[in-house]
There are 2 protein chains.
Amino acid sequence: MTTTNSLTAEDLGSAAQRDRRRRILDATIALASKGGFDAVQMRAVAEQADVALGTLYRYFPSKIHLLVSALARQFEDTQSMVSRKPVPGDTPSERVIYVLRRATRGMQGDANLTDALTRAFMFADASVATEIHVVGMQMTAMLTRAIKGEAYVEGEQPSDEDVAIARVISDVWLSALVSWVTGRATAEETAEHIETAVRLVLR
Amino acid sequence: MTTTNSLTAEDLGSAAQRDRRRRILDATIALASKGGFDAVQMRAVAEQADVALGTLYRYFPSKIHLLVSALARQFEDTQSMVSRKPVPGDTPSERVIYVLRRATRGMQGDANLTDALTRAFMFADASVATEIHVVGMQMTAMLTRAIKGEAYVEGEQPSDEDVAIARVISDVWLSALVSWVTGRATAEETAEHIETAVRLVLR
DNA sequence: TTCGGAACTGCAACGTGTTTCTATTATGAC
DNA sequence: GTCATAATAGAAACACGTTGCAGTTCCGAA
């Protein structure tokens with residue numbers, strides 16, 4: 001099964017190619033931020049990134065691949081800015097809630113972008129497994145780090161239990177974001193639901 | 001905001017109209033069952049339901065509305081068959097796992113249908129809020145009933161706590177189904193993840 | 001520097017969800 | 001039964017994701 005994946009930064013030999021990739025993702029984020037999922041139109045992305053449509057499809061084999069890759073980059077950028085300081089809070093539950101509140105506020109600060117990224121993530125099918133997996137790992141890492149707090153050491157594998165808990169919380173977080181993005185819940189309800197879930201799951 | 005909703009059975013005056021609606025949903029389920037989300041093509045649904053394309057759109061304003069309505073009907077049918085007998089199991093956790101196992105097996109018995117219905121559910125935007133809400137209510141009802149067990153009485157409002165728990169479990173259940181449908185998790189992993197979550201949330 | 005292949009451009013075309021429009025048919029008030 | 005109105009059929013057209021292709025440009029090996 002040679003599923004066609006998105007080209008990652010490492011796949012790309014020349015600086016010009018890495019720059020093309022960057023421009024494409026920048027254009028994607030910009031368009032998503034302006035009008036959500038529907039505004040991310042492949043022709044528009046190509047034009048704004050100053051790249052031919054065919055080239056766009058060579059880098060990202062579908063709109064969903066494109067958006068999930070954009071999500072991965074966003075996530076990575078955010079995490080690299082935050083992950084130096086330890087997560088504040090005395091209990092796992094406090095720390096997880098702190099992290100999620102931060103992340104949720106970030107997402108809610110740009111509803112259109114969140115719309116585009118979460119909808120793509122939820123709609124992704126098997127062909128996007130690789131890209132999805134990247135995001136899943138990032139999310140798990142963020143949450144297990146918060147669960148462990150001071151006890152966290154770089155590179156160490158979290159326990160199965162912690163991973164299971166992290167997965168449950170990610171599931172709830174994603175669903176909650178979807179509910180918010182689609183107007184089925186307010187920002188407050190969303191935050192509350194997430195925190196309730198965290199308290200239920202963490203002791 | 002007068003969002004256009006799907007026509008429900010009660011909206012429809014004549015028997016001929018209710019029959020058209022039924023034929024449309026039958027065709028939707030049949031096509032979904034054969035080829036999943038992509039196979040539910042509006043022209044194909046219209047043809048198989050013996051209805052003009054414009055009529056199909058009068059009954060269901062989009063493919064997503066159509067599929068989520070189909071999901072609601074499926075859910076309702078299943079529940080009405082099951083909800084007479086009490087849920088077996090001595091603890092809330094056992095009962096919820098029983099119910100979810102049943103439901104999950106049902107979904108996994110028809111992967112294509114599940115693909116179509118869950119993907120539609122997750123992709124739905126604000127305009128589908130009404131239809132989504134129906135399904136959410138059904139799911140909550142199923143779960144709170146399982147949580148309460150013998151103590152359940154028809155028509156009584158479940159406690160806030162039980163509703164919160166039910167929502168967390170639905171979130172996880174849906175995410176797990178999506179992972180399974182998109183080939184990111186096997187049936188066993190899916191079942192295991194769901195049961196882990198239930199045990200975490202229910203004491 | 002030259003050459004061959006890979007990458008890129010520009011553009012046309014296709015499939016499917018959605019919209020629109022006109023002609024026809026069913027329905028309900030009188 | 002007649003008429004006004006709503007519902008439906010049928011078909012064309014549009015929008016956007018995706019594919020295919022001919023020509024051009026870039027890049028590394030010789």
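A note on names: the letters A, B, ... follow the listed sequences, proteins ahead of strands, and every chain is numbered from 1.
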Rounded to the Å, how far apart are R20(B) CZ and dA6(D) C1'? 12 Å
Answer yes when D26(A) and R23(A) have at least one side-chain N-carboxylate O distance shorter than 4.0 Å, and no when they do not. no
Length of the CG-P vector between D50(A) and dA7(C), whole Å: 19 Å
R21(A) CZ to dA7(C) C1', in whole Å, measures 17 Å
Hey, does E131(B) have a side-chain heavy atom less than 4.5 Å from the side chain of F60(B)? no
Would you say T55(B) reaches dA7(D)'s phosphate, i.e. side-chain N/O to OP1/OP2 under 4.0 Å? no
Are OP1 or OP2 of dA6(D) and a side-chain N or O of Q17(B) less than 4.0 angstrom apart? no
For nucleotides 15-21 of chain C, which of its nitrogen or oxygen atoms have a protein nitrogen or oxygen under 3.5 Å away, and what is each distance?
unit_1	atom_1	unit_2	atom_2	d
dT16(C)	OP1	Q41(B)	NE2	3.0
dG17(C)	OP1	V40(B)	O	3.4
dG17(C)	OP1	K63(B)	NZ	3.0
dG17(C)	OP2	M42(B)	N	3.0
dG17(C)	N7	R43(B)	NH1	2.8
dG17(C)	O6	R43(B)	NH2	2.8
dT18(C)	OP2	Y57(B)	OH	3.0
dT18(C)	OP2	K63(B)	N	2.8
dT18(C)	O5'	Y57(B)	OH	3.4
dT18(C)	O4	R43(B)	NH2	3.1

Does this structure show an ion pair linking E195(B) with R199(B), if we count only N-O contacts that are shorter than 4.0 Å? yes
Which label fits F123(B) and F123(A): parallel for a plane angle under 30°, tilted from 30 to 60°, or perpendicular past 60°? tilted
I need the CZ-P distance between R58(A) and dT18(D), as an integer number of Å. 17 Å
Rounded distance (Å) that lies between atom P of dA7(C) and atom OH of Y59(A): 9 Å
Considering the options D115(B), T114(B), L31(B), which one meets the side chain to side chain contact (heavy atoms under 4.5 Å, CB included) requirement together with F37(B)? D115(B)
Starting at CG of L7(A) and ending at C1' of dA7(C), how long is that distance when rounded to a whole Å? 11 Å
If the test is side-chain hydrogen bond (donor to acceptor under 3.5 Å, both in side chains), which one of R22(A), Q17(A), R21(A) qualifies with D19(A)? R22(A)
